[in-house]
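In what follows, a structure is listed as structure tokens, so that the remarks can point back to it.
All values reported here derive from a predicted model rather than from experimental measurement.
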Amino acid sequence: MAALYDFDTAVDRRGTWCVQWDGVADRFGVDGLLPFTISDMDFTTAPEVLAALRDRLDHGVFGYTTWKQDDFRSAVAHWYATRYGTEIDPGQLVYGPSVLNQLSQLLQMWTGEGDGVVVHTPTYDGFRKAITGLGRELRGVPVGDEEALARELARADAKVLVLCSPHNPTGRVWTAAELTRTAELAARHGVAVISDEIHADFVHEEYAGSAHVPWTRVAGDGGGGGGAAGGRWALITSASKAFNFPALTGSYGLIGDPADRAEYLRRMETGEGLASPAVLSLTAHIAAYREGAAWLDAVRAYVAGNLAYVAERLSADLPELGWEPPQAGYLAWIDLRPAGVVDDEALQRVLVERERVAVMGGAVYGAPGFVRLNVGCPRGKVERGVEALVRAVRAVTSSPSGV
């Protein structure tokens, strides 16, 4: 029986103004590389999403649009109920053009210049740029180091914890117990929590051992009372990562405190002039959350197979790495230091100049000696990427110059 969805056939993305393929020279200085970089996938989105978009296009009128309608709100509530067994309050929903834009707005609401913003390290570079670009002080704590987290949150000028859940780039899935402790700690020190959950739909439960826990389950009412911990919080996310339509723009969030929610919407609708969302993004979100679950399960299983392939190849060719697939996502975060990689620049020279591939170096996320390999693509491309990485590692560890 033929597979319902085809993830093996490559889709030619060149010439489509694609950042990963057409913009590779902007980061790596060379055109024509095979890219494993920015976190979007090489797969077409769910057919149910495509059908909904075609229907909306056929309507032909694209006037100003409101997200404050039941079709969207109920679709989000349906997704959380069916995917995570979590009841959300649709009245807490807000909308934004992107998750990073929402992060920026919330940081401006809840912090002042020079205030401390705590993140886990290694750190997604988008967080770093948003936080430091606003003149806030980024303070990193290693993933899993709860003592360091407690110390940083206890500092008098620590105002916000930006939580990446699941974590990017490591793919770490936080347990309910860890999240509860984090919520209680943040509330105790008066630190607001912004939980970026855009990778949540890609949890690999076979590796994680548990499902994603939305922040709403531990956060309380946002006004300092009720729930497991109380405290000021926001959950920000989008269907665009899991269903692969970031070019449509659009994200949404849940903000616990009514006054904070009103202030966020005021900023978006007046200061930012963003009262009307992109109608095709709303259309895609509704279709994904109402009809796209089967496709998401299929693409996640395919990606899990890609990650298993990476693990198999690295175990055979670079066993000293002891690499295991991440608990979430389609980004293979690989520590190359056990293989003797000490010079990121030398590794990148070999990857780019000899192997003709583009792979994100760990230094981008504050972790030299690592790479982040995007495997959200057909298996044949993954095979080429892993082969190139193995050859590059062998080259730089057998010769200081990599040649």
### Message
Restricting to salt bridge (Lys or Arg N to Asp or Glu O under 4.0 Å), what partner residues turn up for Glu312, sequence neighbours left out?
### Response
none

#### Entry: Selection residues 57-77 - residue pairs positive for salt bridge (charged side-chain N to carboxylate O under 4.0 Å, His left out), sequence neighbours left out
Lys68-Glu269

### Summary
So the salt bridge (charged side-chain N to carboxylate O under 4.0 Å, His left out) pairs with at least one residue in residues 113-125 (sequence neighbours excluded) are Arg27-Asp125, Asp125-Lys129

### Task
Using salt bridge (Lys or Arg N to Asp or Glu O under 4.0 Å) as the criterion, list what pairs up with Arg56, not counting sequence neighbours.
none

### Task
Could I get the full list of side chain to side chain contact (heavy atoms under 4.5 Å, CB included) partners for Arg379, not counting sequence neighbours?
Asp8, Tyr302, Asn306, Tyr309, Glu383

### Query
Are the side chain of Gln105 and the backbone of Gln108 linked by a donor-acceptor contact shorter than 3.5 Å?
no

### Query
Are Asp257 and Arg232 close enough for a salt bridge, meaning some N to O gap below 4.0 Å?
no

### Query
For Tyr80, what residues pass the side-chain hydrogen bond (donor to acceptor under 3.5 Å, both in side chains) criterion, not counting sequence neighbours?
none

### Task
With sequence neighbours excluded, tell me which residues meet side-chain hydrogen bond (donor to acceptor under 3.5 Å, both in side chains) with Ser315.
none

### Query
Partners of Arg300 by salt bridge (Lys or Arg N to Asp or Glu O under 4.0 Å), sequence neighbours excluded?
Asp297

### Query
Does Ser238 have any side chain to side chain contact (heavy atoms under 4.5 Å, CB included) partners at least two apart in sequence or in another chain, and if so, which?
Val99, Ile198, Ser240, Ser251, His285

## Note on the structure
For Glu387, the salt bridge (Lys or Arg N to Asp or Glu O under 4.0 Å) test, sequence neighbours excluded, returns Arg313

### Message
When you measure from the side chain of Trp174 to the backbone of Cys164, do you find a donor-acceptor pair of N or O atoms at a distance under 3.5 Å?
### Response
yes

#### Entry: Sequence-distant partners of Ser276, side-chain hydrogen bond (donor to acceptor under 3.5 Å, both in side chains), two or more places apart
none

## Note on the structure
Contacts satisfying side-chain hydrogen bond (donor to acceptor under 3.5 Å, both in side chains) that involve residues 28-48 (not counting sequence neighbours) are Arg13-Asp40, Arg13-Asp42, Gln20-Asp40, Trp21-Asp42, Ser39-Lys241, Asp42-Lys381

